[in-house]
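Working notes, structure below.
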Amino acid sequence: MWPPGAYKTAGRELLPRVGFGTENFFRSASDHILSAVQSWRGTGIWPGRTGPVPDVLYSAAGNSADEHWFNRGIIGWDFEVGADVYDPATKRFQAVGFQSEFAEGHQEAMEFASGQIAILEVAKAFADDRERPGSDLKVTGRTGTSTTFTFEVDEPANVYYTLDGSRPTLSSPKLAAAGMREGAQRITVEKTTEVRWFAVDIAGNVEKNYKPEGNGNNYRKEKVEVRGTR
């Protein structure tokens, strides 16, 4: 699980969710981490048990991942051990609980130690990342009066874009999620529009070495046509 973890009880008001591209980084890295957990004895973590803490469990106020992410910019995960174990003899999942016998506790310690090693591998890959992301605009639908599009990236990255002809910067609108586990949002325009954008990954590498706060114009751009308009 990853930030945000805490929310106010009244109204279930969350801390700010991470950006869509950043969450994709968490999910991609989690695949690597959970594969390492599974390598010890085959324990699989269900997809519904992976995600931002409140989506998976409940408010976890005071957790260290929130402290590190929001106050220090440090990436962290929350683990909860005690996943049900599949019993091939009965072909059923068996609950092990939080206060297991030593033999089970040792197995849990070993499989999650494998996961911790995988986190170090993720950290090493992050530190060594010098590769710039690439992105493309993809039209997803047309009507007689509008066109809908989204962006695709070749690695987890946030996309910043403009529709008004201005240079895209880190203050421009950012591609969001369409919904929980529903992929990227769709953007609809009702007149032919030049879309300008760039992608930046979580390590700070910017597509085409574009300087969003500079004066260059080497951002991506593409005209999205709407029938009957210019």
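Every heavy atom of this structure was used, including side-chain atoms; hydrogens, water molecules and symmetry mates were not. In what follows, residues are counted from 1 in the order of the sequence shown.
The neighbour count for Glu101 CD, taken as heavy atoms of other residues, nucleotides or ligands under 6.0 Å away, does not exceed 12. Within 6.0 Å of the CZ atom in Arg72, the count of heavy atoms belonging to other residues, nucleotides or ligands exceeds 12.
Under the 4.5 Å side-chain heavy-atom criterion for grouping Ile, Leu, Val, Met, Phe, Trp and Tyr, Tyr210 is connected to Leu170 within one hydrophobic cluster. Phe79 and Val122 fall within the same hydrophobic cluster, defined by Ile, Leu, Val, Met, Phe, Trp and Tyr side-chain heavy atoms under 4.5 Å apart, directly or through other members. Under a hydrophobic-cluster definition in which Ile, Leu, Val, Met, Phe, Trp and Tyr are linked whenever side-chain heavy atoms come within less than 4.5 Å, directly or via other members, Ile45 and Val85 are assigned to different clusters. By the rule that hydrophobic residues join a cluster once side-chain heavy atoms approach within less than 4.5 Å of another member, Leu57 and Val37 end up as members of separate clusters. Hydrophobic clustering (side-chain heavy atoms under 4.5 Å, transitive across Ile, Leu, Val, Met, Phe, Trp, Tyr) keeps Val56 apart from Ile119.
In terms of heavy-atom proximity, Ala199 sits nearest to Val159 at CB-CG2, 4.2 Å. In terms of heavy atoms, Ala65 sits closest to Gly76 at CB-O, 4.0 Å. Minimum interatomic distance between Trp77 and Ser30 (heavy atoms only, all atoms of both residues): NE1-OG, 3.0 Å. Ala6 and Asp66 get closest at one heavy-atom pair: N-OD2, 3.1 Å. Between Ala203 and Asp129, the shortest heavy-atom distance links the atoms CB-OD2, 3.7 Å.
Note that the CG atom of Leu163 and the OG1 atom of Thr193 stand 6.0 Å from one another [nearest 0.5 Å]. Atoms OG and NE2, from Ser100 and His106 in turn, are 12.0 Å apart once rounded to the nearest 0.5 Å. Expressed to the nearest 0.5 Å, how far CE of Met110 lies from OG1 of Thr43 amounts to 13.0 Å. Going from atom NZ of Lys191 over to atom OG of Ser146 covers 14.0 Å, rounded to the nearest 0.5 Å. One distance of note links CZ of Phe126 with CD1 of Ile202; it measures 6.0 Å at 0.5 Å rounding. With values rounded to the nearest 0.5 angstrom, Arg27 atom CZ is found 7.5 Å from Thr50 atom OG1.
Contact of the Lys138 side chain with the Phe151 side chain is not registered, since no non-hydrogen atoms from C-beta on lie closer than 4.5 Å. Looking at Val53 and Pro4, their side chains never come closer than 4.5 Å, going by heavy atoms from C-beta outward. Residues Glu23 and Pro52 are in side-chain contact: their nearest non-hydrogen atoms beyond the backbone lie under 4.5 Å apart. Taking the side chain as every heavy atom from C-beta outward, Asn218 and Lys208 approach each other to under 4.5 Å. Counting heavy atoms from C-beta outward, Glu131 and Asn205 have side chains that stay 4.5 Å or more apart. A 4.5 Å side-chain heavy-atom check between Val18 and Trp69 finds at least one atom pair inside the cut-off. Inter-residue side-chain proximity for Val226 and Thr145 is flagged as unmet; no heavy-atom pair is nearer than 4.5 Å.
Ser166 places no side-chain N or O within 3.5 Å of a backbone atom of Thr162 that could act as its donor or acceptor partner. Without hydrogens or angle criteria, Arg41 side chain to Gln107 main chain gives no donor-acceptor distance under 3.5 Å. Looking only at distances, no side-chain donor or acceptor of Asp136 sits under 3.5 Å from a matching main-chain atom of Glu152. Formation of a donor-acceptor pair under 3.5 Å by the Arg130 side chain with backbone atoms of Ala127 is found in this model. Side chain of Asp87 to backbone of Gln94: no donor-acceptor contact under 3.5 angstrom is found. Formation of a donor-acceptor pair under 3.5 Å by the Asn63 side chain with backbone atoms of Ala60 is found in this model.
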### Task
Go through the steps for Thr192 and Lys223 under the test side chain to side chain contact (heavy atoms under 4.5 Å, CB included), then give the verdict.
CA-CA 7 Å; Thr192 296; Lys223 186 175 288 188; 3.5 Å; yes

### Task
Determine, stepwise, if the pair Val195 / Phe149 fulfils side chain to side chain contact (heavy atoms under 4.5 Å, CB included).
CA-CA 10 Å; Val195 182; Phe149 67 92; 3.7 Å; yes

### Query
Where do Phe26 and Ile75 land on the side chain to side chain contact (heavy atoms under 4.5 Å, CB included) test, with the steps shown first?
CA-CA 9 Å; Phe26 274 113; Ile75 302 166; 3.6 Å; yes

### Query
For Thr22 and Trp2, what are the C-alpha separation, side-chain angles and deciding distance, and is it a side chain to side chain contact (heavy atoms under 4.5 Å, CB included)?
CA-CA 11 Å; Thr22 304; Trp2 54 80; over 6 Å; no

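Here Asp128 pairs with Lys124 in a salt bridge; the nearest charged N to carboxylate O distance falls below 4.0 Å. Note on Arg220 versus Glu222: no salt bridge recorded, every NZ/NE/NH1/NH2 to OD/OE distance being 4.0 Å or above. Checked for salt-bridge contact, Arg17 and Asp55 meet the test: a charged N lies under 4.0 Å from a carboxylate O. Here Arg167 does not pair with Glu194 in a salt bridge; the nearest charged N to carboxylate O distance is not below 4.0 Å. Remark: Arg49 engages Glu80 in a salt bridge, criterion side-chain N to carboxylate O under 4.0 Å. Checked for salt-bridge contact, Glu207 and Arg132 miss the test: no charged N lies under 4.0 Å from a carboxylate O.
Tyr160 has its ring centre no less than 6.0 Å from the ring centre of Trp197. The ring of Phe198 has its center no closer than 6.0 angstrom to the ring center of Tyr219.
The one candidate from Thr188, Thr150, Ile187 that meets the side-chain contact (heavy atoms from CB on, under 4.5 Å) condition with Thr140 is Thr150.
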